[in-house]
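Structure in C-alpha coordinates, see below.
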Protein chains: 2
Amino acid sequence: MEASTTTAARSARGRRPARVSGDERERAILATAERLLGERSLHEISVDDLARGAGISRPTFYFYFASKEAVLLALMDRLVAEARSGIELGMLARDPRGVVRRGIASVHDTFREHRPVALASIDVRAKSPAVRELWSRVMEGFVDESTAAIESERARGAAPQGVPARDLAIALNLMNERVFHASLSGEAPAIDEDAELDALVAIWLLAIYGTTDPPSAVD
Amino acid sequence: MEASTTTAARSARGRRPARVSGDERERAILATAERLLGERSLHEISVDDLARGAGISRPTFYFYFASKEAVLLALMDRLVAEARSGIELGMLARDPRGVVRRGIASVHDTFREHRPVALASIDVRAKSPAVRELWSRVMEGFVDESTAAIESERARGAAPQGVPARDLAIALNLMNERVFHASLSGEAPAIDEDAELDALVAIWLLAIYGTTDPPSAVD
DNA sequence: GACGTTGTCAACACTCTGTCGAGAATTCTC
DNA sequence: GAGAATTCTCGACAGAGTGTTGACAACGTC
(Lines give C-alpha, C1' and ligand atoms only; values in the text may rest on other atoms or scores of the structure.)
Protein backbone atom coordinates (compact mmCIF):
# COMPACT_ATOMS: atom_id res chain seq x y z
CA MET A 1 0.00 0.00 0.00
CA GLU A 2 1.04 3.55 -0.52
CA ALA A 3 3.40 2.12 -3.05
CA SER A 4 5.39 5.30 -3.01
CA THR A 5 6.48 5.45 -6.62
CA THR A 6 4.46 8.32 -7.99
CA THR A 7 3.65 11.97 -7.80
CA ALA A 8 5.81 13.69 -5.35
CA ALA A 9 5.95 16.66 -7.73
CA ARG A 10 9.37 16.78 -6.31
CA SER A 11 12.08 17.13 -8.88
CA ALA A 12 11.62 19.47 -11.78
CA ARG A 13 14.69 17.85 -13.25
CA GLY A 14 12.70 14.85 -14.37
CA ARG A 15 14.92 12.59 -12.36
CA ARG A 16 13.04 10.42 -9.92
CA PRO A 17 14.66 10.60 -6.54
CA ALA A 18 16.15 7.25 -5.72
CA ARG A 19 14.90 7.84 -2.25
CA VAL A 20 11.39 8.66 -1.23
CA SER A 21 10.92 12.09 0.24
CA GLY A 22 10.52 12.72 3.94
CA ASP A 23 7.01 14.11 3.62
CA GLU A 24 5.93 11.00 1.83
CA ARG A 25 7.42 8.82 4.52
CA GLU A 26 5.60 10.76 7.17
CA ARG A 27 2.34 10.40 5.32
CA ALA A 28 2.98 6.69 4.89
CA ILE A 29 3.41 6.30 8.64
CA LEU A 30 0.20 8.21 9.29
CA ALA A 31 -1.69 6.13 6.75
CA THR A 32 -0.32 2.90 8.19
CA ALA A 33 -1.33 3.95 11.68
CA GLU A 34 -4.86 4.79 10.61
CA ARG A 35 -5.20 1.52 8.76
CA LEU A 36 -3.83 -0.57 11.60
CA LEU A 37 -6.00 1.23 14.16
CA GLY A 38 -8.97 -0.08 12.25
CA GLU A 39 -7.85 -3.58 13.11
CA ARG A 40 -6.44 -3.39 16.64
CA SER A 41 -5.77 -0.96 19.45
CA LEU A 42 -2.70 1.28 19.56
CA HIS A 43 -1.51 -0.80 22.46
CA GLU A 44 -1.40 -3.83 20.18
CA ILE A 45 0.46 -1.98 17.45
CA SER A 46 4.22 -1.80 17.81
CA VAL A 47 6.53 0.85 16.46
CA ASP A 48 7.93 -1.89 14.30
CA ASP A 49 4.51 -2.51 12.73
CA LEU A 50 4.26 1.16 11.92
CA ALA A 51 7.76 1.31 10.49
CA ARG A 52 7.41 -1.82 8.39
CA GLY A 53 4.03 -0.65 7.13
CA ALA A 54 5.66 2.53 5.93
CA GLY A 55 8.58 0.66 4.40
CA ILE A 56 11.24 1.85 6.80
CA SER A 57 13.21 0.45 9.70
CA ARG A 58 12.33 1.01 13.30
CA PRO A 59 15.09 3.48 14.08
CA THR A 60 14.07 5.48 11.04
CA PHE A 61 10.57 5.73 12.43
CA TYR A 62 12.02 7.71 15.30
CA PHE A 63 13.40 10.23 12.87
CA TYR A 64 9.82 11.18 12.03
CA PHE A 65 7.94 10.67 15.27
CA ALA A 66 9.03 10.54 18.89
CA SER A 67 6.70 7.65 19.69
CA LYS A 68 3.59 5.94 18.46
CA GLU A 69 1.57 8.28 20.66
CA ALA A 70 2.97 11.18 18.66
CA VAL A 71 1.56 9.58 15.53
CA LEU A 72 -1.86 9.40 17.13
CA LEU A 73 -1.54 13.03 18.13
CA ALA A 74 -0.96 13.99 14.51
CA LEU A 75 -3.96 11.95 13.46
CA MET A 76 -6.02 13.64 16.18
CA ASP A 77 -5.22 17.09 14.85
CA ARG A 78 -7.20 16.39 11.72
CA LEU A 79 -10.08 14.85 13.62
CA VAL A 80 -10.28 17.76 16.01
CA ALA A 81 -10.31 20.35 13.26
CA GLU A 82 -13.17 18.59 11.58
CA ALA A 83 -15.19 18.02 14.73
CA ARG A 84 -15.07 21.68 15.64
CA SER A 85 -16.27 22.86 12.28
CA GLY A 86 -19.89 21.73 12.64
CA ILE A 87 -20.71 23.67 15.77
CA GLU A 88 -22.64 26.93 15.54
CA LEU A 89 -24.18 27.34 18.95
CA GLY A 90 -24.30 31.10 18.52
CA MET A 91 -27.50 30.62 16.55
CA LEU A 92 -29.14 28.63 19.33
CA ALA A 93 -32.03 31.05 19.98
CA ARG A 94 -33.19 30.94 16.37
CA ASP A 95 -33.91 27.24 16.31
CA PRO A 96 -32.89 25.54 19.55
CA ARG A 97 -33.85 22.04 18.61
CA GLY A 98 -32.29 22.22 15.17
CA VAL A 99 -29.06 23.79 16.34
CA VAL A 100 -28.58 21.29 19.14
CA ARG A 101 -29.35 18.46 16.79
CA ARG A 102 -26.99 19.61 14.09
CA GLY A 103 -24.22 20.27 16.58
CA ILE A 104 -24.44 16.81 18.08
CA ALA A 105 -24.87 15.22 14.66
CA SER A 106 -21.74 16.93 13.42
CA VAL A 107 -19.56 15.46 16.13
CA HIS A 108 -21.33 12.13 15.76
CA ASP A 109 -20.64 12.03 12.05
CA THR A 110 -17.04 13.12 12.39
CA PHE A 111 -16.38 10.41 14.94
CA ARG A 112 -18.06 7.81 12.77
CA GLU A 113 -16.02 8.86 9.81
CA HIS A 114 -12.75 8.52 11.69
CA ARG A 115 -13.80 5.79 14.04
CA PRO A 116 -10.34 4.27 14.57
CA VAL A 117 -8.76 7.59 15.45
CA ALA A 118 -11.63 8.75 17.66
CA LEU A 119 -11.64 5.49 19.53
CA ALA A 120 -7.89 5.40 20.01
CA SER A 121 -7.84 9.02 21.15
CA ILE A 122 -10.18 8.25 23.99
CA ASP A 123 -8.59 4.93 24.88
CA VAL A 124 -5.05 6.22 24.95
CA ARG A 125 -5.90 9.17 27.17
CA ALA A 126 -5.23 7.06 30.23
CA LYS A 127 -1.69 6.29 29.18
CA SER A 128 -0.52 9.39 27.38
CA PRO A 129 -0.48 12.82 29.05
CA ALA A 130 -0.12 14.54 25.68
CA VAL A 131 -3.24 12.87 24.28
CA ARG A 132 -5.04 13.64 27.51
CA GLU A 133 -4.15 17.30 27.22
CA LEU A 134 -5.17 17.67 23.62
CA TRP A 135 -8.49 15.98 24.25
CA SER A 136 -8.92 18.14 27.29
CA ARG A 137 -8.48 21.29 25.28
CA VAL A 138 -11.04 20.13 22.76
CA MET A 139 -13.61 19.30 25.41
CA GLU A 140 -12.91 22.60 27.11
CA GLY A 141 -13.75 24.35 23.87
CA PHE A 142 -17.05 22.52 23.52
CA VAL A 143 -17.91 23.24 27.14
CA ASP A 144 -17.17 26.94 26.83
CA GLU A 145 -19.40 27.28 23.81
CA SER A 146 -22.19 25.29 25.40
CA THR A 147 -21.98 27.30 28.59
CA ALA A 148 -22.26 30.58 26.74
CA ALA A 149 -25.21 29.31 24.74
CA ILE A 150 -27.06 28.11 27.84
CA GLU A 151 -26.46 31.38 29.62
CA SER A 152 -27.72 33.35 26.70
CA GLU A 153 -30.88 31.25 26.52
CA ARG A 154 -31.44 31.82 30.22
CA ALA A 155 -30.91 35.56 29.85
CA ARG A 156 -33.48 35.59 27.09
CA GLY A 157 -35.94 33.81 29.36
CA ALA A 158 -36.22 30.75 27.13
CA ALA A 159 -34.42 28.46 29.56
CA PRO A 160 -35.02 28.29 33.31
CA GLN A 161 -32.37 28.89 35.93
CA GLY A 162 -31.16 25.88 37.87
CA VAL A 163 -27.89 24.02 37.77
CA PRO A 164 -24.97 26.38 37.02
CA ALA A 165 -24.70 26.63 33.26
CA ARG A 166 -21.13 25.47 33.19
CA ASP A 167 -21.79 22.38 35.29
CA LEU A 168 -24.68 21.52 33.03
CA ALA A 169 -22.51 22.03 29.96
CA ILE A 170 -19.76 19.82 31.35
CA ALA A 171 -22.10 16.97 32.22
CA LEU A 172 -23.83 17.07 28.85
CA ASN A 173 -20.62 17.18 26.85
CA LEU A 174 -19.06 14.38 28.85
CA MET A 175 -22.22 12.38 28.34
CA ASN A 176 -21.94 12.79 24.60
CA GLU A 177 -18.31 11.72 24.60
CA ARG A 178 -19.04 8.62 26.64
CA VAL A 179 -22.12 7.65 24.66
CA PHE A 180 -20.27 8.04 21.37
CA HIS A 181 -17.39 6.01 22.69
CA ALA A 182 -19.69 3.24 23.86
CA SER A 183 -21.44 2.84 20.55
CA LEU A 184 -18.26 3.30 18.53
CA SER A 185 -16.40 0.63 20.45
CA GLY A 186 -19.31 -1.77 20.40
CA GLU A 187 -19.13 -2.28 24.13
CA ALA A 188 -21.87 -3.60 26.31
CA PRO A 189 -24.48 -1.07 27.30
CA ALA A 190 -24.61 1.25 24.32
CA ILE A 191 -27.29 3.05 22.41
CA ASP A 192 -28.02 1.87 18.91
CA GLU A 193 -26.36 4.11 16.37
CA ASP A 194 -29.64 5.21 14.84
CA ALA A 195 -31.31 6.09 18.13
CA GLU A 196 -28.27 7.77 19.61
CA LEU A 197 -28.86 11.18 18.17
CA ASP A 198 -32.52 11.33 19.23
CA ALA A 199 -31.68 10.31 22.77
CA LEU A 200 -28.86 12.80 23.19
CA VAL A 201 -30.78 15.69 21.67
CA ALA A 202 -33.77 14.99 23.90
CA ILE A 203 -31.62 14.94 27.03
CA TRP A 204 -29.85 18.16 26.08
CA LEU A 205 -33.14 19.94 25.47
CA LEU A 206 -34.77 18.61 28.61
CA ALA A 207 -31.75 19.47 30.73
CA ILE A 208 -31.48 22.99 29.34
CA TYR A 209 -35.10 23.95 28.67
CA GLY A 210 -37.17 21.43 30.63
CA THR A 211 -38.93 20.45 27.41
CA THR A 212 -38.08 18.80 24.13
CA ASP A 213 -39.89 21.58 22.33
CA PRO A 214 -38.27 24.83 23.37
CA PRO A 215 -39.48 28.20 22.06
CA SER A 216 -37.47 29.80 19.31
CA ALA A 217 -36.86 33.52 19.24
CA VAL A 218 -39.58 35.30 17.31
CA ASP A 219 -37.12 38.00 16.36
CA MET B 1 -18.35 -18.35 33.38
CA GLU B 2 -19.03 -15.93 36.10
CA ALA B 3 -17.47 -17.47 39.13
CA SER B 4 -14.45 -15.79 40.62
CA THR B 5 -12.14 -15.63 37.66
CA THR B 6 -10.10 -13.21 39.65
CA THR B 7 -7.64 -15.42 41.40
CA ALA B 8 -6.20 -17.51 38.67
CA ALA B 9 -3.84 -19.80 40.47
CA ARG B 10 -5.87 -20.39 43.58
CA SER B 11 -7.18 -23.76 44.57
CA ALA B 12 -9.49 -25.24 47.14
CA ARG B 13 -9.88 -23.84 50.59
CA GLY B 14 -9.57 -26.02 53.62
CA ARG B 15 -5.81 -25.84 53.79
CA ARG B 16 -4.61 -24.85 57.24
CA PRO B 17 -2.60 -21.64 57.24
CA ALA B 18 1.07 -22.37 57.51
CA ARG B 19 3.86 -20.08 58.57
CA VAL B 20 3.25 -17.30 56.12
CA SER B 21 0.01 -18.38 54.58
CA GLY B 22 -0.94 -17.97 50.98
CA ASP B 23 -4.02 -16.00 51.87
CA GLU B 24 -1.88 -13.54 53.70
CA ARG B 25 0.40 -13.17 50.72
CA GLU B 26 -2.55 -12.65 48.46
CA ARG B 27 -3.88 -9.96 50.74
CA ALA B 28 -0.47 -8.34 50.82
CA ILE B 29 -0.43 -8.16 47.02
CA LEU B 30 -3.90 -6.66 46.98
CA ALA B 31 -2.98 -4.12 49.63
CA THR B 32 0.20 -3.19 47.81
CA ALA B 33 -1.72 -2.73 44.58
CA GLU B 34 -4.28 -0.48 46.21
CA ARG B 35 -1.59 1.58 47.87
CA LEU B 36 0.48 1.94 44.70
CA LEU B 37 -2.58 2.82 42.63
CA GLY B 38 -2.98 5.84 44.88
CA GLU B 39 0.36 7.07 43.61
CA ARG B 40 0.49 6.10 39.95
CA SER B 41 -1.45 4.33 37.25
CA LEU B 42 -1.49 0.56 36.82
CA HIS B 43 0.47 1.07 33.65
CA GLU B 44 3.27 2.60 35.68
CA ILE B 45 3.27 -0.19 38.22
CA SER B 46 5.26 -3.29 37.32
CA VAL B 47 4.66 -6.82 38.50
CA ASP B 48 7.99 -6.47 40.23
CA ASP B 49 6.70 -3.49 42.23
CA LEU B 50 3.73 -5.53 43.33
CA ALA B 51 5.85 -8.54 44.24
CA ARG B 52 8.45 -6.54 46.15
CA GLY B 53 5.72 -4.63 47.96
CA ALA B 54 4.28 -7.93 49.13
CA GLY B 55 7.69 -9.26 50.08
CA ILE B 56 7.98 -11.91 47.41
CA SER B 57 9.85 -12.42 44.15
CA ARG B 58 8.36 -11.76 40.76
CA PRO B 59 7.88 -15.39 39.77
CA THR B 60 6.12 -16.01 43.06
CA PHE B 61 3.66 -13.26 42.21
CA TYR B 62 2.52 -15.39 39.30
CA PHE B 63 1.66 -18.15 41.69
CA TYR B 64 -1.08 -15.92 43.08
CA PHE B 65 -2.22 -13.88 40.12
CA ALA B 66 -2.00 -14.38 36.39
CA SER B 67 -1.14 -10.74 35.75
CA LYS B 68 -1.42 -7.34 37.31
CA GLU B 69 -4.77 -6.93 35.59
CA ALA B 70 -6.00 -9.93 37.56
CA VAL B 71 -5.09 -8.09 40.74
CA LEU B 72 -7.15 -5.11 39.66
CA LEU B 73 -10.02 -7.45 38.88
CA ALA B 74 -9.94 -8.77 42.43
CA LEU B 75 -9.91 -5.21 43.76
CA MET B 76 -12.84 -4.38 41.50
CA ASP B 77 -14.93 -7.19 42.96
CA ARG B 78 -15.07 -5.39 46.28
CA LEU B 79 -15.77 -2.03 44.71
CA VAL B 80 -18.56 -3.40 42.61
CA ALA B 81 -20.25 -5.14 45.51
CA GLU B 82 -20.24 -1.93 47.48
CA ALA B 83 -21.41 0.29 44.63
CA ARG B 84 -24.40 -1.91 43.97
CA SER B 85 -25.56 -1.91 47.57
CA GLY B 86 -26.77 1.70 47.71
CA ILE B 87 -29.28 1.44 44.90
CA GLU B 88 -32.96 1.03 45.65
CA LEU B 89 -34.69 2.27 42.56
CA GLY B 90 -37.70 0.10 43.30
CA MET B 91 -38.88 2.79 45.68
CA LEU B 92 -38.66 5.50 43.06
CA ALA B 93 -42.35 6.43 43.03
CA ARG B 94 -42.38 7.14 46.75
CA ASP B 95 -39.84 9.93 46.61
CA PRO B 96 -38.36 10.36 43.14
CA ARG B 97 -36.00 13.16 43.94
CA GLY B 98 -34.71 11.53 47.12
CA VAL B 99 -34.26 8.10 45.60
CA VAL B 100 -32.40 9.40 42.58
CA ARG B 101 -30.24 11.54 44.79
CA ARG B 102 -29.39 8.75 47.19
CA GLY B 103 -28.69 6.34 44.36
CA ILE B 104 -26.26 8.67 42.65
CA ALA B 105 -24.75 9.70 45.96
CA SER B 106 -24.13 6.09 46.84
CA VAL B 107 -22.07 5.43 43.74
CA HIS B 108 -20.38 8.78 44.10
CA ASP B 109 -19.34 8.00 47.66
CA THR B 110 -18.18 4.50 46.86
CA PHE B 111 -16.02 5.77 44.04
CA ARG B 112 -14.58 8.50 46.24
CA GLU B 113 -13.83 6.01 48.94
CA HIS B 114 -11.93 3.72 46.57
CA ARG B 115 -10.70 6.37 44.20
CA PRO B 116 -7.57 4.53 43.06
CA VAL B 117 -9.45 1.37 42.20
CA ALA B 118 -12.36 3.15 40.54
CA LEU B 119 -10.01 5.23 38.46
CA ALA B 120 -7.84 2.32 37.42
CA SER B 121 -10.89 0.21 36.55
CA ILE B 122 -12.02 2.77 34.04
CA ASP B 123 -8.56 3.54 32.70
CA VAL B 124 -7.57 -0.07 32.18
CA ARG B 125 -10.77 -0.96 30.34
CA ALA B 126 -9.13 -0.02 27.07
CA LYS B 127 -6.30 -2.49 27.55
CA SER B 128 -7.87 -5.40 29.35
CA PRO B 129 -10.82 -7.34 27.96
CA ALA B 130 -11.51 -8.90 31.35
CA VAL B 131 -11.77 -5.53 33.05
CA ARG B 132 -13.90 -4.28 30.21
CA GLU B 133 -16.27 -7.18 30.61
CA LEU B 134 -16.62 -6.87 34.35
CA TRP B 135 -17.28 -3.15 34.10
CA SER B 136 -19.70 -3.86 31.33
CA ARG B 137 -21.68 -6.24 33.49
CA VAL B 138 -21.85 -3.69 36.26
CA MET B 139 -23.08 -0.93 33.97
CA GLU B 140 -25.56 -3.32 32.45
CA GLY B 141 -26.96 -3.93 35.90
CA PHE B 142 -27.37 -0.23 36.60
CA VAL B 143 -28.96 0.32 33.23
CA ASP B 144 -31.46 -2.51 33.70
CA GLU B 145 -32.58 -1.15 37.04
CA SER B 146 -32.83 2.40 35.74
CA THR B 147 -34.80 1.27 32.72
CA ALA B 148 -37.31 -0.60 34.85
CA ALA B 149 -37.72 2.37 37.17
CA ILE B 150 -38.28 4.80 34.31
CA GLU B 151 -40.82 2.53 32.69
CA SER B 152 -42.69 2.12 35.92
CA GLU B 153 -42.82 5.89 36.42
CA ARG B 154 -44.15 6.28 32.90
CA ALA B 155 -46.78 3.61 33.46
CA ARG B 156 -47.87 5.44 36.58
CA GLY B 157 -48.22 8.64 34.58
CA ALA B 158 -45.61 10.50 36.60
CA ALA B 159 -43.10 10.61 33.75
CA PRO B 160 -43.86 11.49 30.13
CA GLN B 161 -43.18 9.22 27.19
CA GLY B 162 -40.38 10.17 24.86
CA VAL B 163 -36.97 8.65 24.32
CA PRO B 164 -37.05 4.85 24.79
CA ALA B 165 -36.53 4.21 28.49
CA ARG B 166 -33.51 2.02 27.92
CA ASP B 167 -31.74 4.55 25.72
CA LEU B 168 -32.38 7.19 28.32
CA ALA B 169 -31.07 4.92 31.05
CA ILE B 170 -27.91 4.14 29.10
CA ALA B 171 -27.13 7.77 28.39
CA LEU B 172 -27.71 8.84 31.97
CA ASN B 173 -25.64 6.05 33.46
CA LEU B 174 -22.80 6.61 31.04
CA MET B 175 -22.94 10.30 31.87
CA ASN B 176 -22.54 9.54 35.54
CA GLU B 177 -19.59 7.28 34.91
CA ARG B 178 -17.84 9.85 32.78
CA VAL B 179 -18.54 12.75 35.12
CA PHE B 180 -17.30 10.78 38.11
CA HIS B 181 -14.20 9.76 36.23
CA ALA B 182 -13.48 13.34 35.21
CA SER B 183 -13.67 14.74 38.71
CA LEU B 184 -11.91 11.75 40.25
CA SER B 185 -8.98 12.00 37.89
CA GLY B 186 -8.72 15.75 38.19
CA GLU B 187 -8.78 16.19 34.44
CA ALA B 188 -9.63 19.33 32.59
CA PRO B 189 -13.32 19.99 32.20
CA ALA B 190 -14.80 18.49 35.34
CA ILE B 191 -17.52 19.44 37.77
CA ASP B 192 -16.47 20.48 41.23
CA GLU B 193 -16.92 17.61 43.64
CA ASP B 194 -19.49 19.46 45.75
CA ALA B 195 -21.63 20.54 42.82
CA GLU B 196 -21.44 17.22 41.02
CA LEU B 197 -24.31 15.55 42.80
CA ASP B 198 -26.72 18.48 42.31
CA ALA B 199 -25.94 18.67 38.63
CA LEU B 200 -26.37 14.97 37.97
CA VAL B 201 -29.56 14.68 39.98
CA ALA B 202 -31.06 17.66 38.18
CA ILE B 203 -30.25 16.22 34.78
CA TRP B 204 -31.66 12.81 35.68
CA LEU B 205 -34.90 14.34 36.92
CA LEU B 206 -35.26 16.67 33.95
CA ALA B 207 -34.53 13.90 31.48
CA ILE B 208 -36.97 11.49 33.08
CA TYR B 209 -39.73 13.78 34.37
CA GLY B 210 -39.22 17.07 32.56
CA THR B 211 -38.96 18.83 35.91
CA THR B 212 -36.64 18.86 38.91
CA ASP B 213 -39.65 18.54 41.15
CA PRO B 214 -41.48 15.37 40.14
CA PRO B 215 -44.68 14.25 41.89
CA SER B 216 -44.42 11.46 44.41
CA ALA B 217 -47.05 8.77 44.74
CA VAL B 218 -49.79 9.88 47.14
CA ASP B 219 -50.67 6.35 48.25
C1' DG C 1 9.66 -41.29 56.90
C1' DA C 2 7.92 -41.26 52.25
C1' DC C 3 4.67 -38.37 49.90
C1' DG C 4 1.93 -35.03 47.79
C1' DT C 5 0.71 -30.26 48.14
C1' DT C 6 1.88 -25.52 48.59
C1' DG C 7 5.01 -22.09 48.06
C1' DT C 8 9.51 -20.04 46.39
C1' DC C 9 12.89 -18.21 43.27
C1' DA C 10 17.22 -18.01 39.92
C1' DA C 11 17.67 -18.16 35.34
C1' DC C 12 15.93 -18.04 30.84
C1' DA C 13 13.52 -16.63 26.53
C1' DC C 14 11.16 -13.16 24.51
C1' DT C 15 9.03 -8.61 23.07
C1' DC C 16 9.16 -4.01 22.94
C1' DT C 17 11.18 0.62 23.50
C1' DG C 18 14.38 4.16 22.63
C1' DT C 19 19.38 5.63 21.48
C1' DC C 20 23.97 5.98 19.19
C1' DG C 21 26.99 6.44 15.75
C1' DA C 22 28.59 5.43 11.34
C1' DG C 23 27.57 6.28 6.82
C1' DA C 24 24.66 7.02 2.35
C1' DA C 25 21.83 10.23 -0.41
C1' DT C 26 20.49 14.81 -1.59
C1' DT C 27 20.79 19.71 -1.63
C1' DC C 28 23.36 23.95 -1.01
C1' DT C 29 27.18 27.08 -1.94
C1' DC C 30 30.74 29.00 -4.29
C1' DG D 1 30.83 20.51 -10.28
C1' DA D 2 33.65 19.78 -5.86
C1' DG D 3 33.16 20.07 -1.31
C1' DA D 4 30.22 21.20 2.77
C1' DA D 5 25.94 20.90 4.97
C1' DT D 6 21.77 18.72 5.64
C1' DT D 7 18.68 15.09 5.57
C1' DC D 8 17.84 10.54 6.03
C1' DT D 9 18.78 5.50 7.11
C1' DC D 10 19.70 1.50 9.75
C1' DG D 11 22.73 -2.18 12.39
C1' DA D 12 23.75 -2.78 16.85
C1' DC D 13 23.19 -1.84 21.55
C1' DA D 14 21.17 -1.08 26.21
C1' DG D 15 17.20 -1.58 29.07
C1' DA D 16 12.72 -2.42 31.02
C1' DG D 17 9.04 -5.58 31.27
C1' DT D 18 6.61 -9.89 30.82
C1' DG D 19 5.72 -14.68 31.49
C1' DT D 20 7.80 -19.60 31.93
C1' DT D 21 10.66 -23.45 33.53
C1' DG D 22 12.62 -26.41 36.57
C1' DA D 23 14.78 -27.37 40.71
C1' DC D 24 13.95 -27.15 45.47
C1' DA D 25 12.33 -26.20 50.31
C1' DA D 26 8.76 -26.47 53.91
C1' DC D 27 4.83 -28.60 55.72
C1' DG D 28 0.77 -31.49 56.77
C1' DT D 29 -0.77 -36.27 56.16
C1' DC D 30 -0.83 -41.19 56.41
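Quick caveat: nothing in here was measured; it's all calculated off a predicted structure.
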Whole-Å distance separating the NE2 atom of A:H43 from the P atom of D:dG17: 14 Å

Selection from C:dT19, D:dT18, D:dG19 that lies nearest to any side-chain heavy atom of A:P59: C:dT19

A:I56 side-chain proximity, nearest of D:dC10, D:dC8, C:dG7: D:dC10

Side-chain donor/acceptor contact of B:R25 with base of C:dG7 under 3.5 Å: no

Protein-nucleotide distance (A:R58, atom CZ; D:dA14, atom P), rounded to Å: 15 Å

Phosphate OP1/OP2 of C:dC16 contacted by A:S46 side-chain N/O (<4.0 Å): no

Length of the line joining A:Y62:OH and D:dA14:P, which is rounded to integer Å: 17 Å

Nucleotide C:dG7, atom C1' - distance to CZ of B:F65 in whole Å: 15 Å

Main-chain N/O of B:P164 paired with B:D167 side-chain donor or acceptor, under 3.5 Å: no

Distance, rounded to the nearest Å, where A:K127 contributes NZ and C:dC16 contributes C1': 11 Å

Side-chain donor-acceptor contact under 3.5 Å, A:S183 with A:R112: yes

Shortest side-chain distance from B:F63, nucleotide among C:dT17, D:dT18, C:dT6: C:dT6

Rounded interatomic separation in angstrom, taking CD from A:E69 and P from C:dC16: 15 Å

Among D:dT9, D:dT18, D:dC10, the one nearest A:Y64 by side-chain distance: D:dT9

Nucleotide C:dC16, atom P - distance to CZ of A:F61 in whole Å: 14 Å

Donor-acceptor contact present, side-chain B:K68 to main-chain B:S46, <3.5 Å: no

Side-chain donor-acceptor pair present, A:N173, A:S146, cut-off under 3.5 Å: yes

Option among B:I170, B:L174, B:V138 that satisfies the side-chain contact (heavy atoms from CB on, under 4.5 Å) test with B:V143: B:I170

side-chain N/O B:K68 vs D:dG17 OP1/OP2, d < 4.0 Å: no

Phosphate contact (D:dT9 OP1 or OP2) by A:T60 side-chain N/O below 4.0 Å: no

Nucleotide C:dG7, atom P - distance to CD1 of B:I29 in whole Å: 11 Å

